[in-house]
Amino acid sequence: MNSPFTHGLFISFEGIDGAGKSSHIEGLAQAFRRQGRAVTLTREPGGTPLAEKLRALMLHDAMDPLTEALLAFAARRDHLCEVIEPALARGDVVLCDRFTDATFAYQGAGRGFDLQALTVLERMVQTGTAPEPGLLREPHLTLWFDLPAELAAQRLAGARVPDRFEAEPGSFFARVAAGYAARAEAAPRRFARIDSSASREQVWHSIAQLMLERGLLGEAALAQPGTEAA
Ligand code: TMP
């Protein structure tokens, strides 16, 4: 059956490692489904077989910042072509755990890679995938889970064997957090800041409020039991 929703909705989730975004994505997926929307839940780097292979390289193999940035964008191009654009064309809600803001925050602010070069890559990779000629594909909304680097480090401590990014020192994450803040300042309409230092229930409440205010979800879809991420 064709979806009655002709317009797809693309939402990305961002924040430094340990900011707690992942636990809320499933809750939002459930709420959108209750509202009758088809949901594509995906992540970056990754989301396709090829992009997942590139993810494994990025997270575990040593490389210089240019290689890292190119792998992130190569994975993104495949993900856009194979998953994100087809889902938006069907009218799905696409919930994507990280997107290009992560490249600006981690490879740009974190590693010090040239932001102008990232902007060129962003345009190359995110143009020509959408049906509208010349459209730069971007999320319609980005939920930015903002948490001071020290707090995120405390939450992550001992949680699992760290990957190449999680193993970075606090100073790296302070730069990444500043990188996200700069991206949010540059695109205030797309970004919504969520204060992640609050309790999980309070964070969910902020997300629900935001969805109501933007008219993306109704009370009924948000109020039902099980909405709060487990
Ligand atoms: P995750 O643990 O949230 O799935 O993200 C994987 C790691 O990849 C995380 O530490 C951030 C990093 N990353 C980048 O460095 N650049 C990117 O473009 C993306 C999407 C993620």
Side-chain angles (χ1 to χ4, degrees), residues 10-26 28-29 41-48 50-80 82-84 94-115 117-126 137-139 142-147 149 152-153 155-184 191 194 196 203 229:
F10 182 13
I11 303 179
S12 64
F13 299 81
E14 297 282 2
I16 59 176
D17 292 87
K21 65 188 161 46
S22 301
S23 59
H24 292 289
I25 300 177
E26 182 57 38
L28 265 184
L41 207 54
T42 188
R43 70 171 181 182
E44 291 213 346
T48 69
L50 173 62
E52 289 291 334
K53 288 184 194 163
L54 299 178
R55 174 191 177 90
L57 295 174
M58 268 183 78
L59 266 51
H60 302 294
D61 290 28
M63 63 189 74
D64 86 304
L66 173 58
T67 310
E68 209 174 83
L70 291 172
L71 285 183
F73 275 114
R76 183 159 303 129
R77 179 76 184 186
D78 193 55
H79 191 209
L80 273 169
E82 299 298 322
V83 172
I84 296 177
V94 175
L95 302 181
C96 191
D97 190 346
R98 301 191 184 282
F99 196 64
T100 304
D101 299 305
T103 316
F104 279 83
Y106 280 79
Q107 281 67 52
R111 302 272 193 236
F113 189 78
D114 180 34
L115 296 182
L118 291 182
T119 304
V120 172
L121 289 169
E122 177 185 35
R123 182 150 289 283
M124 277 175 70
V125 166
Q126 291 164 228
R137 176 62 77 195
E138 286 189 303
T142 296
L143 297 195
W144 168 38
F145 291 74
D146 188 22
L147 186 69
R155 287 188 186 175
L156 271 185
R160 56 182 170 190
V161 179
D163 61 37
R164 280 178 66 239
F165 295 100
E166 291 162 346
E168 288 288 342
S171 54
F172 175 81
F173 286 105
R175 291 197 299 278
V176 174
Y180 275 124
R183 288 287 281 180
F191 265 83
I194 306 288
S196 283
V203 170

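Order of appearance sets the numbers: ligands from 1, and atoms from 1 within every ligand. Quick note: residue numbers are just sequence positions, from 1. The analysis underlying the following values was restricted to heavy atoms, covering all of them including side chains, and did not include hydrogens, waters or symmetry mates.
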Can you name the nearest heavy-atom pair linking Ile16 to Phe173, along with the distance?
-> CG2-O, 3.9 Å
Return yes when atom CZ of Arg164 has more than 12 non-hydrogen atoms of other residues, nucleotides or ligands closer than 6.0 Å, and no otherwise.
-> yes
Anything under 30° is parallel, anything over 60° is perpendicular, the rest tilted; go ahead and classify Phe191 against Trp144.
-> perpendicular
Can you tell if the side chain of Phe13 reaches within under 4.5 Å of the side chain of Arg98, non-hydrogen atoms only?
-> no
CA sep, side-chain torsions, deciding dist, call: Glu68, Arg111, salt bridge (Lys or Arg N to Asp or Glu O under 4.0 Å) = CA-CA 10 Å; Glu68 209 174 83; Arg111 302 272 193 236; 2.9 Å; yes
Can you tell me if Asp78 and Thr48 form a side-chain donor-acceptor pair at under 3.5 Å?
-> yes
Close residues (non-hydrogen atom under 4.0 angstrom from ligand 1) work out to Asp17, Lys21, Glu44, Pro45, Arg55, Met58, Leu59, Ala72, Arg76, Arg98, Ala102, Thr103, Tyr106, Gln107, Phe165
